[in-house]
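In what follows, a structure is listed as structure tokens, so that the remarks can point back to it.
Because only heavy atoms are used, hydrogens play no part in the values below, and waters and symmetry mates are left out as well, while side chains stay in. Bear in mind the structure is a predicted one, so any value in this text is a computation, not a measurement.
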Amino acid sequence: MGQSLPKPALRPFLAADTPVVAAIFVAAIQELTGDDYGEAQQEAWASTADDEEQFGKKLAGELTLIATLQNSPVGFASLKGASHIEMLYVHPSAVGQGVGAMLCDALEKLAGARGAKILTVDVSDNAQEFFLKRGYVGKQRNTVTINGEWLANTTMQKTLAEAAPGAPQ
């Protein structure tokens with residue numbers, strides 16, 4: 001009989017998580033985006049976590065969830081306001097284990113509970129397929145400047161399903 005992989009779990013972000021979450025952010029950018037972004041672009045993007053105090057404050061100011069495997073953080077995602085996924089990053093070692101899907105499912109449910117009808121996200125080129133498979137539709141291409149480097153991304157959106165009257169929430 002094969003051994004099953006540990007199941008990911010979710011918990012709220014704590015200020016003490018900031019260093020490990022910043023490391024997940026940097027590792028995901030450095031190891032997962034090389035096909036779509038150049039080294040200078042990756043470095044500029046990853047440098048947004050250099051000031052860990054500011055990075056932690058940003059996450060604390062949003063609804064941020066931490067995904068764990070065997071109690072160790074392996075991913076995180078944040079919801080800005082009721083209807084925008086601000087960040088969703090998974091450590092390269094945990095890719096393909098359902099961590100990103102679990103984080104996205106949770107944010108979609110929380111957005112719906114906050115009254116959002118449509119959820120938006122600005123996705124990197126390497127994340128587009130993940131969101132397309134989840135029913136998100138590209139709406140516009142964007143170019144952002146980070147520390148002097150230009151990076152392209154795509155604004156995508158998903159219409160959230162409304163619960164049928166009388167259905168359990």
Side-chain angles (χ1 to χ4, degrees), residues 2-14 17-18 20-37 42 45-46 48-49 55 58-60 62-142 151-164 167-169:
Q3 191 174 1
S4 63
L5 290 171
K7 296 277 186 247
L10 290 177
R11 66 170 174 77
F13 169 78
L14 305 170
D17 294 321
T18 301
V20 73
V21 168
I24 290 167
F25 177 79
V26 170
I29 292 166
Q30 290 177 340
E31 295 181 40
L32 301 175
T33 68
D35 289 345
D36 298 297
Y37 300 94
Q42 289 175 303
W45 184 2
T48 60
F55 192 71
K58 177 178 174 47
L59 294 172
E62 298 164 356
L63 192 163
T64 302
L65 299 175
I66 303 293
T68 62
L69 281 171
Q70 298 178 320
N71 296 319
S72 294
V74 293
F76 69 99
S78 65
L79 185 66
K80 185 175 182 179
S83 61
H84 185 75
I85 296 174
E86 182 69 14
M87 291 192 200
L88 195 161
Y89 291 86
V90 175
H91 192 278
S93 67
V95 168
Q97 298 183 49
V99 174
M102 183 182 65
L103 284 164
C104 202
D105 285 344
L107 291 188
E108 288 172 5
K109 286 180 181 140
L110 289 165
R114 288 180 163 194
K117 304 284 187 243
I118 294 175
L119 189 57
T120 62
V121 59
D122 296 326
V123 304
S124 60
D125 292 349
N126 59 292
Q128 277 190 36
E129 187 176 333
F130 171 82
F131 284 98
L132 282 169
K133 287 180 180 176
R134 299 187 57 82
Y136 287 76
V137 177
K139 289 297 176 183
Q140 74 179 34
R141 287 290 284 168
N142 310 300
L151 287 85
N153 68 27
T154 302
T155 299
M156 300 181 82
Q157 74 178 35
K158 179 178 183 176
T159 301
L160 299 175
E162 293 188 40
Q169 299 273 335

With a 4.5 Å heavy-atom cut-off, do K7 and M102 have their side chains touching?
no
One thing to verify: whether R141 and D122 come together as a salt bridge, which I'm taking to mean a side-chain N less than 4.0 angstrom from a carboxylate O.
no
Please report the interatomic distance CD1(I24) to CD1(I29), rounded to the nearest 0.5 Å.
12.0 Å
Is any side-chain heavy atom of K80 closer than 4.5 Å to one of M87?
no
Assess the residue pair V21 and I66 against the criterion (side chain to side chain contact (heavy atoms under 4.5 Å, CB included)); give the C-alpha distance rounded to whole Å, side-chain angles, the decisive distance to 0.1 Å, and a yes or no.
CA-CA 8 Å; V21 168; I66 303 293; 3.5 Å; yes
Taking atom CD of Q140 as the centre, report whether more than 12 heavy atoms of other residues, nucleotides or ligands fall under 6.0 Å from it.
yes
Any chance you could lay out the side chain to side chain contact (heavy atoms under 4.5 Å, CB included) test for L69 and Q97, step after step, and finish with the verdict?
CA-CA 10 Å; L69 281 171; Q97 298 183 49; 3.4 Å; yes
Are side-chain heavy atoms of L10 and L103 found at a separation under 4.5 Å?
yes
Side chains of S78 and I85 in contact at under 4.5 Å (non-hydrogen atoms):
no
Does the side chain to side chain contact (heavy atoms under 4.5 Å, CB included) test come out yes or no for M156 and Q128, once each step is laid out?
CA-CA 8 Å; M156 300 181 82; Q128 277 190 36; 4.3 Å; yes
Between Y37 and A152, the two heavy atoms sitting closest are OH-O, 2.6 Å
For residues A116 and S83, report the shortest heavy-atom separation together with the two atoms involved.
CB-CB, 3.8 Å
T68 and R11: CA distance, side-chain angles, deciding distance, side chain to side chain contact (heavy atoms under 4.5 Å, CB included) verdict
CA-CA 8 Å; T68 62; R11 66 170 174 77; 4.0 Å; yes
To the nearest 0.5 angstrom, please state how far the CG atom of L107 sits from the CG atom of L88.
6.5 Å
Ring centers of F76, F13 separated by less than 6.0 Å
no
Tell me, do Y136 and L119 make a side-chain contact under 4.5 Å, heavy atoms counted?
yes
Residue pair A111 / L160: nearest heavy atoms and the distance that separates them
CB-CD1, 3.9 Å
Does T154 reach the side chain of F131, with side-chain heavy atoms less than 4.5 Å apart?
no
Does the side chain of T33 come under 3.5 Å of the side chain of Q42 through a donor N or O and an acceptor N or O?
yes
pair K158-V137: side-chain heavy atoms closer than 4.5 Å
no
Under a 4.5 Å cut-off applied to non-hydrogen side-chain atoms, are V121 and T155 in contact?
no
When rounded to the nearest 0.5 angstrom, what distance separates CG in N142 from CG in N153?
4.5 Å
State whether the side chain of H91 and the backbone N or O of S93 hold a donor-acceptor pair below 3.5 Å, judged by distance alone.
yes
